[in-house]
Amino acid sequence: MFGFVWWPTVARREESVSEPKPKDKPFTISKWTVWEAYQRVKANDGAAGVDGESIEEFERDLKGNLYKLWNRLSSGSYFPAPVRAVEIPKAHGKGGVRVLGVPTVADRIAQTVARLYLEPKVEPLFHPDSYGYRPRRSALDAVGVCRERCWRRDWVIDLDIRAFLEPQSQCPRGAREWCEEVRSGRWQFDP
């Protein structure tokens, strides 16, 4: 076929012989991994970021945009753009809005590149009962485990860390110093 180029859709975990580590780049990031990240971002679609550039607009100079992103990532000079704030209503009619940050297409690709490199290394370090933002795990999986354990135990612990650290709450004896540190503002928790 004229103009058809086959690209693998699976990220290579090991660098090929034809792609040696550049001597002038402090980070070894494969161009194949950047391509795989782009494929995943494209499949996920998504809205334009603060720059207003959609995936279709990014694709107008796909080769140049991916090369520029790879070059900045591997040289350590990449800095993400600000995110576009989008307000969405909170679920279940609780009122109020939740603010979501929408990154640019290039930033989503860069995040995916980082995830492709880091996930295999850090995933084994997580506790088996951790379900938040984990691959192939969901809130429904956590609920399933809770249901299973409810048949084995007569008690449940439900802990809201934010409410636990509010000034009017009472800290347990062993945690008073830690609670005071958190309340002083040295620790930050996102809402």
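FYI, side chains are in, hydrogens and waters are out, and symmetry mates aren't considered; it's all heavy atoms of this structure.
Evaluation of the side chain to side chain donor-acceptor pair (under 3.5 Å) rule for Asn71 yields Lys25 as partners, not counting sequence neighbours. With sequence neighbours excluded, the residues forming a side-chain contact (heavy atoms from CB on, under 4.5 Å) with Val97 are Glu87, listed by chain and number. Annotation: side chain to side chain donor-acceptor pair (under 3.5 Å) contacts of Thr104 (sequence neighbours excluded): Asp107. Not counting sequence neighbours, Phe126 has no partner by the ring-ring contact (aromatic ring centres under 6.0 Å, His included) test. With sequence neighbours left out, Ala110 forms a side-chain contact (heavy atoms from CB on, under 4.5 Å) with Leu69, Leu73, Tyr78. In this view, Asp129 and Arg149 satisfy the side chain to side chain donor-acceptor pair (under 3.5 Å) rule, not counting sequence neighbours. Remark: Arg84 pairs with Ala47, Val50, Val86, Val102 by the side-chain contact (heavy atoms from CB on, under 4.5 Å) rule, at least two apart or across chains. Residues satisfying the side chain to side chain donor-acceptor pair (under 3.5 Å) criterion with Glu119, sequence neighbours excluded, are Arg115.
Within the structure, the salt bridge (Lys or Arg N to Asp or Glu O under 4.0 Å) test picks out the following pairs touching residues 131-141 (sequence neighbours left out): Glu123-Arg134. Sequence neighbours left out, not one pair with a member in residues 43-52 passes side chain to side chain donor-acceptor pair (under 3.5 Å). Pairs passing the salt bridge (Lys or Arg N to Asp or Glu O under 4.0 Å) check and including a residue from residues 54-83, sequence neighbours excluded, read Lys42-Glu59.
Placement of Trp35 and Tyr117 within a single hydrophobic cluster is found when ILVMFWY residues are connected by side-chain heavy-atom separations under 4.5 Å, directly or transitively. Cluster membership for Leu100 and Val105, using ILVMFWY side-chain heavy atoms within less than 4.5 angstrom, is not shared.
Atom CD of residue Glu53 and atom CZ of residue Phe58 lie 6.5 Å apart, to the nearest 0.5 angstrom. The distance from atom CG of Leu62 to atom OH of Tyr38, rounded to the nearest 0.5 Å, is 4.5 Å.
With contacts defined as side-chain heavy-atom distances shorter than 4.5 Å, the pair Ile109/Leu66 qualifies. Between Arg40 and Leu116, some side-chain heavy-atom pair lies under the 4.5 Å cut-off. With contacts defined as side-chain heavy-atom distances shorter than 4.5 Å, the pair Trp32/Glu36 does not qualify.
Here the closest heavy-atom approach between residue Ser75 and residue Pro26 is recorded as O-CG, 3.5 Å.
Grouped with Tyr131 in one hydrophobic cluster are Val145, the linkage being side-chain heavy-atom contacts under 4.5 Å among Ile, Leu, Val, Met, Phe, Trp and Tyr residues.
No side-chain donor-acceptor contact under 3.5 Å links Trp70 to the backbone of Ser30.
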